[in-house]
2 protein chains.
Amino acid sequence: MSNLELPVLGRDDAAVCCSPMVREPLGEEAAVDLAKMFKALSDPVRLRLLSLIASHEGGEACVCDLTGPFDVSQPTISHHLKVLREAGLVGSERRGTWVYYWVLPGALARLSSLLEAPAGAR
Amino acid sequence: MSNLELPVLGRDDAAVCCSPMVREPLGEEAAVDLAKMFKALSDPVRLRLLSLIASHEGGEACVCDLTGPFDVSQPTISHHLKVLREAGLVGSERRGTWVYYWVLPGALARLSSLLEAPAGAR
DNA sequence: TCCTTGATTCGACGGTTGTCGATATGGCCG
DNA sequence: CGGCCATATCGACAACCGTCGAATCAAGGA
């Protein structure tokens, strides 16, 4: 169940990193890679899931904490969590009966710095 | 040439919105709104378009500068530019024969700050 | 061992998306 | 005016996505 088995694409953001995309044109393969992460963020349920997980006490939440606030079924929540995990945005682990999810801060930081506008002049 | 005409905002975009989503759960309507912007970023062609526009000299580019670097047809480029415009990420204007596009920095700043991880956390 | 609870996977279905070629619009110039 | 160039729109089509209920797997506890 652990995230170790999944081919996560953002694992170490070596080559494809982080200078703001407004400074120089994005490479083709970097764009494909980043688009997958943004696609994972392109659903309201997934955005709220991510936010709920991150702001939950201890920085992690079990699935049972996440099904309540939504109108969608529990299998749908599970599907969205899988999308977030495969995009490299969250990690997960089974502990006894429950499965816990947490946000991988490096992935968010990478996207955040990518979108940064050059502060002052251009 | 044209950046002179553009409003040099930047002092207010922190106030516009957006404490990081990792601090408190995202509201339902805010999530719907933000998901639309991320969806606009969820395609490799659109990501590269945005990056090309922003890094073009003067901070803007005409469509004729944008069709070359891609393998897709001109109508497809036009479609992607429309998606970016309707998401509020770019502005556009016709000047004579050509149509120019530029990035709206406030929109990118909003998303960037939303994804910011609390610095020292975990 | 069986039953219960938590979570994922499966199969299906309707709606959306990216792409194309063809066509339309808008504007410059001879 | 008439032709040409730069963009946008249209209509169609295959692929993908979000959602559901049903079935399955995993872990405890009687």
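Order of the sequence lines fixes the chain letters, A, B, ..., with proteins taken first and strands second; residue numbering starts at 1 for each chain.
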Phosphate oxygens OP1/OP2 of [N]: is one of them under 4.0 Å from a side-chain N or O of [X]?
X: A:S73; N: D:dC20; value: yes
X: A:Y101; N: C:dA7; value: no
X: B:H80; N: C:dT19; value: yes

Look only at the side chain of [X] and the backbone of [Y], and say whether a donor-acceptor pair between them is shorter than 3.5 Å.
X: A:S113; Y: A:A109; answer: yes
X: B:S55; Y: A:M21; answer: no
X: B:R46; Y: B:K39; answer: yes

Practice task
Search all heavy atoms of A:L50 against all heavy atoms of A:L41 and return the closest pair with its distance.
Solution key: CD2-CD2, 3.6 Å
Fill in the blank from the handout: Residues A:L49 and A:L84: closest non-hydrogen pair is CB-CD1, 4.2 Å
Closest to the [X] side chain, choosing from [options]:
X: A:C64; options: C:dA7, C:dT8, D:dT9; answer: C:dA7
X: A:K82; options: C:dC20, D:dT7, C:dT9; answer: C:dT9
X: A:V99; options: D:dA8, C:dA7, D:dT19; answer: C:dA7

Exercise for the section: By nearest nucleotide on DNA chain D, pick out whichever of A:V83 and A:T97 is the more 5' one. Expected result: A:V83
Exercise for the section: Using the closest heavy atom to pick a nucleotide of DNA chain D for each, name whichever of A:T76 or B:T67 lands nearer the 5' end. Expected result: B:T67
From [atom1] of [X] over to [atom2] of [N], roughly how many Å is that when rounded to an integer?
X: A:R94; N: D:dC25; atom1: CZ; atom2: C1'; answer: 8 Å
X: B:D71; N: C:dT19; atom1: CG; atom2: C1'; answer: 13 Å
X: B:I77; N: C:dG21; atom1: CD1; atom2: P; answer: 14 Å
X: B:Q74; N: D:dC10; atom1: CD; atom2: P; answer: 15 Å
X: B:W98; N: D:dT7; atom1: CH2; atom2: P; answer: 8 Å
X: B:R85; N: D:dT7; atom1: CZ; atom2: C1'; answer: 11 Å
X: A:L81; N: D:dC17; atom1: CG; atom2: C1'; answer: 16 Å
X: A:Y100; N: C:dT8; atom1: OH; atom2: C1'; answer: 17 Å

Practice task
Report yes if some heavy atom in the side chain of B:W102 is under 4.5 Å from a heavy atom in the side chain of B:H56; otherwise report no.
Solution key: no
Problem - A:E28 CD: over 12 foreign heavy atoms closer than 6.0 Å - result: no
Problem - Contact residues, residues 35-50 of chain B to DNA chain C [heavy atom, < 4.0 Å] - result: B:K39, B:D43, B:R46
Exercise for the section: Just call it for A:H79: base, sugar-phosphate, or nothing, with non-hydrogen atoms closer than 4.0 Å on any strand. Expected result: base
